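Everything numeric here is computed off the predicted structure, so don't read it as measured data. Below, chains carry the letters A, B, ... as their sequence lines are ordered, and counting in each starts from 1.
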Amino acid sequence: MTKVIQIKDIANYDGQEVTVRGWVYNRTGKGRLQFILLRDGSGQAQCVAFKKEMTPDEFEIARGLSQESSVIITGTVRADERAPGYPGGYEIGIQQLQLVQQADDYPITPKDHGTEYLMNHRHLWVRSNRQWAILRIRATIIKAMRDWLDDQGFLLVDTPIITPAAGEETTPVFDVDYFGETAYLAQTGQLYNEANIMAFGKVYCFGPTFRAEKSKTRRHLIEFWMLEPEIAFCSLEELMDIEEGLVSAGVEQVLAKHQQELAIIERDVNKLEAITAPFARISYDDAVARLQARHAELDDPQQRAELAIELGEDFGSPHETALAEMFDKPVFVYHYPTAVKAFYMTPVAGRPEVCRSVDLLAPEGYGEIIGGSERIHDLDLLARNIDAMGLGREAYEWYLELRRFGTVPHAGFGIGIERTVAWICGLNHVRETIPYARLLNRKYP
RNA sequence: UCCGUAGUAGCUCAAUUGGCAGAGCAAUCGGCUGUUAACCGAUCGGUUCUUGGUUCAAGUCCAAGCUACGGAGCCA
């Protein structure tokens with residue numbers, strides 16, 4: 001029994017006999033010579049079948065292998081510059097081949113397919129190179145950001161998915177039948193984070209969140225994953241320091257560990273190498289002025305209509321894109337109008353029409369990847385806002401109590417994992433950044 | 001919800017002014033000892049999204065609907 005190896009480690013076994021187990025990604029042949037590109041989840045390696053080096057029965061199996069058939073192959077590793085794969089450069093000369101199952105008419109061929117077809121076969125599509133690369137990068141981004149927070153003294157504190165009240169008042173939520181009562185799927189863990197910082201100082205939660213919005217764009221999912229740090233005794237400026245440290249750590253780790261995957265998805269690595277702290281910080285007022293200046297340069301009537309903006313209005317998607325295009329790194333926009341932001345955001349002292357909020361806009365048109373703010377820590381002001389929004393005191397009683405027992409200035413933010421992955425990978429849609437996307441018209445598979 | 005585009009073989013797409021339903025890939029069979037989405041030969045493959053209408057004749061024109069894609073709003 002030879003050693004079973006992972007293909008990613010193949011370079012360590014040059015000249016040795018090994019066993020690999022996996023699936024046929026592709027096969028080409030020239031009569032008595034067959035090339036089997038085998039993937040095992042960790043990588044891909046070319047396995048070469050010569051008729052004279054195998055039993056006749058096993059060679060016939062090799063000659064007839066279909067795409068995604070599962071096999072166990074034993075053979076000798078040898079370096080060969082012609083060998084494709086990941087990492088590539090090594091191939092396996094097959095001595096024994098065991099067929100686990102001959103796959104029957106695999107639907108996703110190595111040719112072009114449409115989006116709908118691929119999404120209908122997402123359970124199989126995740127096997128493809130490009131999806132393999134993206135989902136591996138996603139895992140690294142999550143790990144890098146969590147490691148960074150852990151190293152900074154944050155504690156992971158999980159927050160509930162089923163909640164008694166909608167977290168934010170602005171967006172529609174999903175109802176859940178909770179033994180005859182109505183509960184809601186979480187849109188954010190923030191309110192619970194605010195309780196948890198009073199116990200642990202610096203915390204974050206990480207998990208799925210749910211928005212019942214009828215949004216159908218390349219930036220929206222119904223179910224998406226969010227990493228939400230919250231920090232006691234934290235100002236908006238300190239919050240921006242944390243955000244840029246977190247984001248640049250994620251980019252740095254992807255560059256360090258995934259050159260191979262970035263090559264598969266053909267990402268322009270130069271643009272990622274530029275993503276280092278600090279990031280530009282501009283006020284909402286400044287952003288509006290920049291957009292108005294840009295607007296004045298435009299001739300096209302449709303573009304002019306999209307980019308028109310007055311002080312006090314919220315940004316639409318075209319505004320965010322235009323702003324981000326002015327920078328080659330993510331850019332912070334702070335002090336948004338109070339009226340367009342959530343009820344818990346602290347008004348700026350002396351200028352209550354704007355609030356201590358900050359969004360981080362990703363470059364290359366990917367839009368907002370982070371939203372954050374200083375939270376109101378004054379009991380009376382928070383209670384007034386809750387009443388003014390018509391939210392109902394009962395569900396928020398515990399939240400108000402946080403301001404009654406040792407309230408402190410604090411701040412936090414949420415970073416959308418899928419938008420971040422889409423930006424770092426240079427994808428044109430978030431649906432490829434999550435294994436099984438939930439979209440307005442899709443919950444299958 | 002609004003605006004725009006599309007729907008033809010398992011997949012990706014053609015089909016001229018309304019005039020015989022086509023190709024590549026996949027699949028099946030055969031050939032080939034260095035292939036990189038191999039190549040060569042053959043075979044197989046159709047409710048042209050649905051319903052109704054115009055016409056000698058509809059994939060093509062008209063009406064309604066369905067589905068998908070892209071964008072807006074809203075958001076991360």
Side-chain angles (χ1 to χ4, degrees), chain A residues 25-37 44 46-53 59 63-64 66-68 78 80-85 88 91 93 103-121 128-129 167-173 187-190 208-228 243 302 305-306 313-321 340-342 359-362 365-372 413-423 428-431 433-434 439-442:
Chain A
Y25 196 70
N26 201 1
R27 176 182 60 81
T28 67
K30 287 202 72 165
R32 278 166 277 190
L33 173 65
Q34 296 290 320
F35 299 97
I36 295 150
L37 190 56
Q44 279 180 15
Q46 175 165 277
C47 301
V48 184
F50 274 102
K51 188 168 190 177
K52 65 179 182 183
E53 293 173 358
F59 182 79
R63 207 169 68 88
S66 56
Q67 194 187 353
E68 291 302 321
R78 60 180 175 243
D80 191 316
E81 286 181 1
R82 295 169 295 185
E91 64 183 21
D104 186 27
D105 276 356
Y106 187 68
I108 302 178
T109 63
K111 303 287 176 184
D112 291 336
H113 297 283
T115 301
E116 183 187 6
Y117 183 81
L118 289 170
M119 287 302 286
N120 283 340
H121 295 84
S128 299
N129 280 342
E168 300 190 8
E169 73 282 9
T170 50
T171 49
V173 294
Q187 296 178 291
T188 171
Q190 179 204 318
T209 51
F210 307 88
R211 305 276 167 97
E213 292 167 358
K214 300 208 167 177
S215 298
K216 203 168 70 171
T217 79
R218 65 182 68 190
R219 300 177 304 280
H220 285 89
L221 294 167
I222 302 303
E223 174 182 298
F224 68 97
W225 289 66
M226 193 153 61
L227 181 67
E228 296 179 275
E243 292 182 22
Q302 192 187 340
E306 279 181 347
E313 294 175 351
D314 200 5
F315 298 140
S317 178
H319 302 108
E320 288 185 353
T321 300
V340 305
K341 288 293 183 182
D359 285 356
L360 184 66
L361 307 182
Y366 285 94
E368 181 184 351
I369 56 171
I370 295 182
F413 64 93
I415 178 167
I417 296 300
E418 289 77 18
R419 285 190 186 175
T420 303
V421 175
W423 160 53
N428 65 8
H429 201 297
V430 290
R431 66 183 154 227
T433 66
I434 186 167
L439 300 163
L440 186 55
N441 293 316
R442 175 174 299 283

Taking the side chain of [X] as its heavy atoms from C-beta onward, which of [options] lies nearest to it?
X         : options                : value
Lys216(A) : U12(B), G70(B), U36(B) : G70(B)
Glu116(A) : A76(B), G34(B), A68(B) : A68(B)
Arg32(A)  : C32(B), G34(B), U35(B) : C32(B)
Glu213(A) : U12(B), C74(B), G30(B) : C74(B)
Pro318(A) : A72(B), C75(B), G31(B) : A72(B)
Ser215(A) : C75(B), G73(B), G70(B) : G73(B)
Phe224(A) : U1(B), G34(B), A76(B)  : A76(B)
Glu320(A) : A76(B), G70(B), C75(B) : C75(B)
Thr28(A)  : U35(B), A76(B), A68(B) : U35(B)

Side-chain donor or acceptor of [X] paired with backbone N/O of [Y] under 3.5 Å:
X         : Y         : result
Arg419(A) : Tyr366(A) : no
Gln190(A) : Phe413(A) : no
Gln46(A)  : Phe35(A)  : no

Classify the nucleic acid contact of [X] as base, sugar-phosphate or nothing, counting any heavy atom under 4.0 Å across all strands shown.
X         : answer
Gly316(A) : sugar-phosphate
Thr420(A) : nothing
Ile370(A) : sugar-phosphate
Pro84(A)  : base
Glu91(A)  : base
His113(A) : sugar-phosphate
Phe50(A)  : base
His121(A) : nothing
Asn26(A)  : sugar-phosphate
Lys214(A) : base

Would you call Arg78(A) and Asp80(A) a salt bridge, taking side-chain N to carboxylate O under 4.0 Å as the test?
-> no
Are side-chain heavy atoms of Asn441(A) and Lys216(A) found at a separation under 4.5 Å?
-> yes
Relative to the 5' end of RNA chain B, which residue comes earlier, Glu306(A) or Ile415(A), by the nucleotide with the nearest heavy atom?
-> Glu306(A)
For Arg442(A) and for Arg63(A), find the nucleotide of RNA chain B with the closest heavy atom, then tell me which residue's nucleotide is more 5'.
-> Arg63(A)
Determine the Euclidean distance between corresponding P atoms of A9(B) and G22(B); express it in Å to zero decimal places.
-> 14 Å
Using the six-membered ring wherever Trp is involved, compare the ring planes of Phe315(A) and His319(A) and label them parallel, tilted or perpendicular (cut-offs 30° and 60°).
-> tilted
Does the side chain of [X] get closer than 4.0 angstrom to OP1 or OP2 of [N] through an N or O atom?
X         : N      : result
Asn120(A) : A68(B) : no
Lys30(A)  : G34(B) : yes
Thr217(A) : G71(B) : no
Arg431(A) : G70(B) : yes
Asn441(A) : A68(B) : yes
Arg219(A) : A72(B) : yes

Tell which nucleotide pairs with C69(B), taking only Watson-Crick or G-U wobble pairs whose two distances are both under 3.5 angstrom.
-> G4(B)
Between the side chains of Gln67(A) and Thr109(A), does any donor sit under 3.5 Å from an acceptor?
-> no
May Phe35(A) be described as stacking on the base of G34(B), applying a 5.5 Å centroid limit and a 30° limit on plane angle?
-> no
